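Read the structure below first, then the notes.
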Amino acid sequence: MLEQPELTVIMPCYNMEKYLARALDHLAKQIDKNFKLLIVNDGSTDRTKEIAESYRKQFKYYRIINKPNGGLSDARNVGMNNVDTPYFTFHDGDDWVDPDYTAFFVRAFHAHPEAAMVCCGFWMDYENKNKTMPATKKKISSLLTKGQTYRQLINPMGSFFFNKLLVSPVKGYTWNKGYKTSVVRKYNLLFVKKLAFMEDQIFNAKYISLTDGFYCESKPLYHYWQREDSMVHNFSLKMVPDNIKANYSIGKIIVKSMIKEHKAKKEENTSQKLLQASEGSNNERKG
């Protein structure tokens with residue numbers, strides 16, 4: 001008998017009829033099938049809803065939320081508001097995952113209960129090139145400090161030159177990360193709706209700034225499909241203002257967080273010195 005699932009996979013979808021079956025086929029083949037799949041159909045006008053409905057019997061815990069189109073951030077927020085498991089992650093409808101994907105998040109959280117976020121690596125899969133490559137050749141399997149996490153997370157140029165910056169298994173994406181539902185509920189975390197992109201980096205930076213403990217394994221488990229028609233591969237001057245706004249928000253969050261962390265460490269060191277001085281004074285009196 002399956003135990004109560006600990007993980008929810010949130011899949012926001014908008015007009016994904018070309019790719020959705022591939023995504024669901026791979027999720028249906030997970031080694032650990034004890035997870036909840038929550039599809040948020042964001043007002044699709046193609047066969048997305050029909051395809052999603054056809055997969056109900058392949059998953060034990062399967063839910064579809066159909067809503068008017070509100071954009072990716074809105075769909076993610078709706079998904080998070082409906083999570084009832086301790087952990088959750090995100091999955092884009094045009095990507096797919098390896099068999100150990102869902103098992104990784106539960107296993108990592110169990111092995112590192114002090115971590116508020118866990119992360120796996122990912123593959124880059126190129127359309128019409130029959131090419132797959134890991135996002136980075138760097139090997140990571142460790143807990144990272146807040147500062148190290150920020151450095152792995154941020155990409156000041158957004159995704160414009162992503163293919164030339166394959167240096168981190170982390171990046172600012174949501175689909176290779178596991179989150180704790182308790183953290184989102186405690187701080188009422190939501191994705192920013194007014195930005196066309198990089199809203200994921202802002203969310204992650206905010207999440208990290210409010211928590212301690214980040215665990216990362218660079219082993220790739222998620223396949224990031226490089227569609228030629230995707231927004232991140234079609235640069236437009238209209239994207240520049242959002243890029244500036246997003247980077248400003250991320251920078252502000254990080255600077256504020258690191259200043260707070262520095263002050264906390266300074267106060268802790270001062271307290272330790274005072275304690276040591278007090279203990280030394282007491283020992284002298286006893287002597």
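Computed from heavy atoms alone, side chains included, the values below leave out hydrogens, waters and symmetry copies. Residue numbers count from 1 along this sequence. Small disclaimer: the values here were computed from a predicted structure and weren't measured.
- The distance from the CG atom of Asp92 to the CE atom of Met16 is 7.0 Å, given to the nearest 0.5 Å.
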Show every donor-acceptor pair shorter than 3.5 Å between a side-chain atom in residues 68-75 and any protein atom, with sequence neighbours excluded, or say none if there are none.
unit_1	atom_1	unit_2	atom_2	d
Asn69	ND2	Asp42	O	3.0
Asn69	ND2	Asp42	OD2	3.1
Ser73	OG	Val192	O	2.7
Asp74	OD1	Lys193	NZ	3.1
Asp74	OD2	Lys67	NZ	2.7

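- Considering every non-hydrogen atom in both Ala21 and Ile51, the closest pair reads N-CG2, 4.2 Å.
- The local environment of NZ in Lys49 is sparse, with at most 12 non-hydrogen atoms from other residues, nucleotides or ligands closer than 6.0 Å.
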In a table with atom names and distances, give each donor-acceptor pair under 3.5 Å that connects a side chain of residues 5-13 to protein atoms at least two apart or in another chain.
unit_1	atom_1	unit_2	atom_2	d
Glu6	OE1	His110	NE2	2.9
Glu6	OE2	His110	NE2	3.1
Thr8	OG1	Thr85	OG1	2.7

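- The environment of NZ in Lys180 is crowded: more than 12 heavy-atom neighbours from other residues, nucleotides or ligands sit within 6.0 Å.
- With hydrogens and angles left out, the side-chain atoms of Trp123 and Asp98 include a donor and acceptor closer than 3.5 Å.
- Contact detail for Tyr101 and His91: the closest heavy-atom pair is CE2-CD2, 4.5 Å.
- Interatomic distance, Arg63 CZ to Lys36 NZ, rounded to the nearest 0.5 Å: 9.0 Å.
- The two residues Val118 and Phe104 come nearest to each other via the heavy atoms CG2-CE2, 4.4 Å.
- In terms of heavy-atom proximity, Asp94 sits nearest to Tyr19 at CA-CB, 3.5 Å.
- A donor-acceptor contact closer than 3.5 angstrom is absent between the side chains of Thr132 and Tyr126.
- Of all the heavy atoms in Asn81 and Arg185, the pair that sits closest is O-NH2, 3.9 Å.
- When only modelled atom types and interatomic distance are considered, Asp25 and Tyr55 share a side-chain donor-acceptor pair under 3.5 Å.
- Here Ser209 pairs with nothing under the side chain to side chain donor-acceptor pair (under 3.5 Å) rule; sequence neighbours left out.
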Chi angles and distances behind the side chain to side chain contact (heavy atoms under 4.5 Å, CB included) call for Leu221, Asn176: CA-CA 8 Å; Leu221 297 172; Asn176 64 330; over 6 Å; no
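- Closest approach of Ser257 and Lys146 over heavy atoms only: OG-CD, 3.3 Å.
- Phe35 has its ring centre no less than 6.0 Å from the ring centre of Phe105.
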Worked verdict on Lys18 versus Asp46 for salt bridge (Lys or Arg N to Asp or Glu O under 4.0 Å): CA-CA 10 Å; Lys18 289 174 60 178; Asp46 62 0; over 6 Å; no
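- The aromatic ring centres of Phe203 and Tyr179 sit less than 6.0 Å apart.
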